[in-house]
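Working notes for the structure below.
Residue numbers begin at 1 in each chain, while the letters A, B, ... track the order of the sequences. In what follows, every heavy atom counts, from backbone to side chain, and hydrogens, waters and symmetry copies are set aside.
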Number of protein chains: 2
Amino acid sequence: MIKVAIFEDNRSLREGLAAMIGGTAEFECVGAFPNCNNLLKNITQAKPDVVLMDIEMPGINGIEAVAIIKEEFPEMKILMETIFDDDEKIFNSICAGAEGYILKHTPPAEIMEAIKEIHEGGSPMTPSIANRVLKMVKTKPEIGHKESFDLTDREKEILTCLVKGMSYKMVADACFISIETVNVHVKNIYRKLQVHSKSEAVIKAIKGRIV
Amino acid sequence: MIKVAIFEDNRSLREGLAAMIGGTAEFECVGAFPNCNNLLKNITQAKPDVVLMDIEMPGINGIEAVAIIKEEFPEMKILMETIFDDDEKIFNSICAGAEGYILKHTPPAEIMEAIKEIHEGGSPMTPSIANRVLKMVKTKPEIGHKESFDLTDREKEILTCLVKGMSYKMVADACFISIETVNVHVKNIYRKLQVHSKSEAVIKAIKGRIV
DNA sequence: GGGGGGATACCATGTTTTGGGTATTGAGAA
DNA sequence: TTCTCAATACCCAAAACATGGTATCCCCCC
């Protein structure tokens with residue numbers, strides 16, 4: 001029995017979804033809300049396994065809502081629902097922590113299927129969405145490589161600090177070592193990465209996905 | 001009738017898949033090959049709609065094969081199949097152009113389902129793969145935000161140079177201006193970005209997708 | 001029990017960067 | 001026209017960084 005909560009401002013759509021979910025043996029609709037004004041209260045009371053979240057909503061929008069829910073209940077699965085499939089929304093939803101993303105014109109049977117999949121740990125996506133997600137990954141050719149450069153754990157730690165924009169002094173404080181030691185580590189990092197400045201190292205770390 | 005070609009070095013698996021696909025009304029197996037030695041020839045003759053491609057193969061591996069196929073037949077759908085779900089392989093497969101990615105332990109019925117989905121323009125992925133893909137997207141904040149910071153064109157140009165790891169001197173040479181002018185621009189960039197070092201600026205530029 | 005490597009620390013020196021000035025020129029707005 | 005602003009250029013001092021050393025400690029492995 002998968003417990004589902006719905007956030008959807010369109011009344012007929014909301015009631016339709018609730019009826020559909022409530023009318024199935026596998027699912028239980030534990031709440032259907034027109035907005036996110038009482039988001040955490042609603043969620044806390046309903047205790048759903050899966051949240052069906054409309055993106056376009058007055059007041060707190062769906063993407064903000066995802067962030068709020070995930071902050072409090074990270075294990076809760078969230079399936080975004082929208083009429084538009086624009087990259088910005090998809091991207092921001094994913095970043096906020098949503099597991100799935102479907103378009104509203106998706107037939108009911110597939111919505112049910114998606115809820116089941118997301119509950120099982122999958123990431124259901126409308127084909128057009130999936131394609132856009134793949135494109136997003138493609139535009140970042142650097143994740144691949146993952147050249148190791150044989151950095152030691154400590155060196156990776158230092159490098160991570162540098163990627164946060166810290167100065168030697170800040171790194172020293174953060175790692176509880178002297179500035180001189182930071183200096184030594186940085187020297188070794190430069191040698192292994194074959195660079196000669198902090199920014200080069202930072203760039204290589206980000207692009208080469210070392211950190 | 002979806003025409004499917006199989007590339008899989010394990011004989012029993014290959015024959016099993018071929019039998020399964022051939023035994024269904026919706027699918028037709030137009031070829032089953034143990035390696036990619038005659039890749040283009042095989043593909044040209046078989047003319048499949050969907051290619052089922054094993055990643056781990058002697059000789060030309062599955063990822064290289066995808067790139068080759070996509071080069072010649074960009075509209076052909078390719079479903080990757082593997083025993084491992086490591087990020088590197090997933091990422092490289094996606095970059096090479098594969099539309100789907102499933103693990104070998106996926107039950108036959110779901111493999112058939114995935115073939116149908118990929119043929120319809122979807123991107124079927126094993127849940128664990130989908131999760132990794134979403135994580136890859138998350139590490140890539142560039143599509144979102146896009147804060148402008150009101151940089152002038154020249155300043156963006158300078159910043160772009162910095163993001164390439166260049167020193168002031170190199171920027172000066174590249175932009176045909178004096179080092180002093182670079183200095184002035186950098187100062188202005190720092191003020192607008194509210195940072196106080198080159199690496200901070202570089203980081204903000206990359207993450208904020210300014211460049 | 002010695003050798004290698006990683007982490008620590010310090011010294012010295014030169015270069016680069018940072019942040020504070022001032023000043024000229026040309027384009028476009030008031 | 002005058003004024004603002006981007007772009008150019010220069011000066012200077014302090015801070016941060018880059019690069020070359022040496023040296024100690026500890027752990028693991030041979």
Side-chain angles (χ1 to χ4, degrees), chain A residues 142 145-211, chain B residues 86-88 141-142 145-211:
Chain A
E142 293 87 356
H145 291 55
K146 200 191 305 189
E147 310 166 69
S148 81
F149 295 107
D150 280 323
L151 295 182
T152 68
D153 287 346
R154 195 54 157 169
E155 284 162 359
K156 281 183 199 155
E157 207 178 327
I158 307 286
L159 184 54
T160 305
C161 290
L162 295 187
V163 171
K164 287 178 186 155
M166 296 162 76
S167 68
Y168 287 12
K169 164 121 195 55
M170 293 163 79
V171 175
D173 289 349
C175 296
F176 305 106
I177 53 180
S178 85
I179 256 193
E180 320 291 345
T181 307
V182 175
N183 199 356
V184 173
H185 285 306
V186 170
K187 274 191 274 193
N188 292 329
I189 293 170
Y190 285 5
R191 182 170 39 72
K192 291 179 180 178
L193 261 56
Q194 303 198 63
V195 297
H196 305 278
S197 77
K198 206 162 70 162
S199 10
E200 277 185 281
V202 166
I203 294 161
K204 207 148 186 173
I206 294 177
K207 307 231 165 177
R209 206 242 50 72
I210 295 171
V211 289
Chain B
D86 81 290
D87 282 354
E88 187 103 4
E142 291 97 23
H145 291 55
K146 204 184 318 191
E147 310 169 70
S148 83
F149 293 106
D150 279 324
L151 295 183
T152 67
D153 287 346
R154 195 55 158 170
E155 284 162 359
K156 280 182 202 157
E157 208 178 326
I158 307 286
L159 184 53
T160 305
C161 290
L162 295 187
V163 171
K164 287 178 188 155
M166 296 162 77
S167 69
Y168 286 15
K169 166 125 194 52
M170 293 163 79
V171 176
D173 290 349
C175 296
F176 306 106
I177 52 179
S178 84
I179 240 186
E180 320 291 344
T181 307
V182 174
N183 196 356
V184 174
H185 285 305
V186 169
K187 277 191 273 194
N188 291 329
I189 292 170
Y190 286 5
R191 183 171 38 73
K192 291 180 180 176
L193 262 54
Q194 303 197 65
V195 298
H196 305 277
S197 76
K198 208 162 67 161
S199 5
E200 277 184 282
V202 165
I203 294 161
K204 206 150 186 170
I206 295 177
K207 307 231 164 174
R209 205 233 58 71
I210 296 170
V211 288

What I'd like to find out is whether the side chain of [X] reaches to under 4.5 Å of the side chain of [Y], using heavy atoms alone.
X        : Y        : result
A:Leu159 : A:Val202 : no
A:His196 : A:Glu200 : yes
A:Arg154 : A:His185 : yes

Which donor-acceptor pairs under 3.5 Å do side chains of residues 171-183 of chain B form with protein atoms, sequence neighbours excluded?
unit_1	atom_1	unit_2	atom_2	d
B:Asp173	OD2	B:Lys169	NZ	3.3
B:Ser178	OG	B:Glu180	N	3.2
B:Ser178	OG	B:Thr181	N	3.2
B:Ser178	OG	B:Thr181	OG1	3.3

Check: At what distance, to the nearest 0.5 angstrom, does SG of B:Cys161 lie from NZ of B:Lys164?
Finding: 5.5 Å

Notebook entry, point to check: Can you tell me how far CG of B:Leu193 sits from CD1 of B:Ile203, rounded to the nearest 0.5 angstrom?
Noted result: 11.5 Å

Would you indicate what [X] reaches in the nucleic acid, counting non-hydrogen atoms under 4.0 angstrom: base, sugar-phosphate, or nothing?
X        : value
B:Ser167 : sugar-phosphate
A:Lys187 : base
B:Tyr190 : sugar-phosphate
B:Asn183 : base

Just how far, in rounded Å, is [atom2] of [N] from [atom1] of [X]?
X        : N      : atom1 : atom2 : answer
A:His185 : C:dG5  : NE2   : C1'   : 13 Å
A:Tyr168 : C:dT17 : OH    : P     : 12 Å
A:Ile158 : C:dA7  : CD1   : P     : 9 Å

Notebook entry, point to check: Between C:dA9, C:dT17, C:dG19, which one does the side chain of B:His196 approach most closely?
Noted result: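 Closest nucleotide among those given: C:dG19.
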
Notebook entry, point to check: Quick one: is C:dG5 close enough that its OP1 or OP2 comes under 4.0 Å of any side-chain N or O from A:Thr152?
Noted result: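 Result: no.
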
Check: Any side-chain N or O of A:Ser178 under 4.0 Å from OP1/OP2 of C:dT8?
Finding: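 False: A:Ser178 side-chain N/O out of range (4.0 Å or more) of C:dT8 OP1/OP2.
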
Notebook entry, point to check: If you find the nucleotide of DNA chain D closest to A:Ser197 and the one closest to B:Ile177, which residue's nucleotide is nearer the 5' end?
Noted result: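 The residue closer to the strand's 5' end, by nearest nucleotide, is B:Ile177.
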
Checklist line | Residue mapping more 5' on DNA chain D - nearest nucleotide basis, B:Lys192 or B:Ser199 | finding: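 Final value for this comparison: B:Lys192.
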
Check: Which atoms form the tightest heavy-atom contact between A:Ser197 and A:Tyr190, and what is the distance?
Finding: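 That would be C-OH, 3.2 Å.
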
Margin query: For chain B and DNA chain D, what are the first and last nucleotides along the strand, 5' to 3', with at least one atom under 4.0 angstrom from a heavy atom of the protein chain?
Written below: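 Answer, 5' to 3': D:dA6 to D:dC11.
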
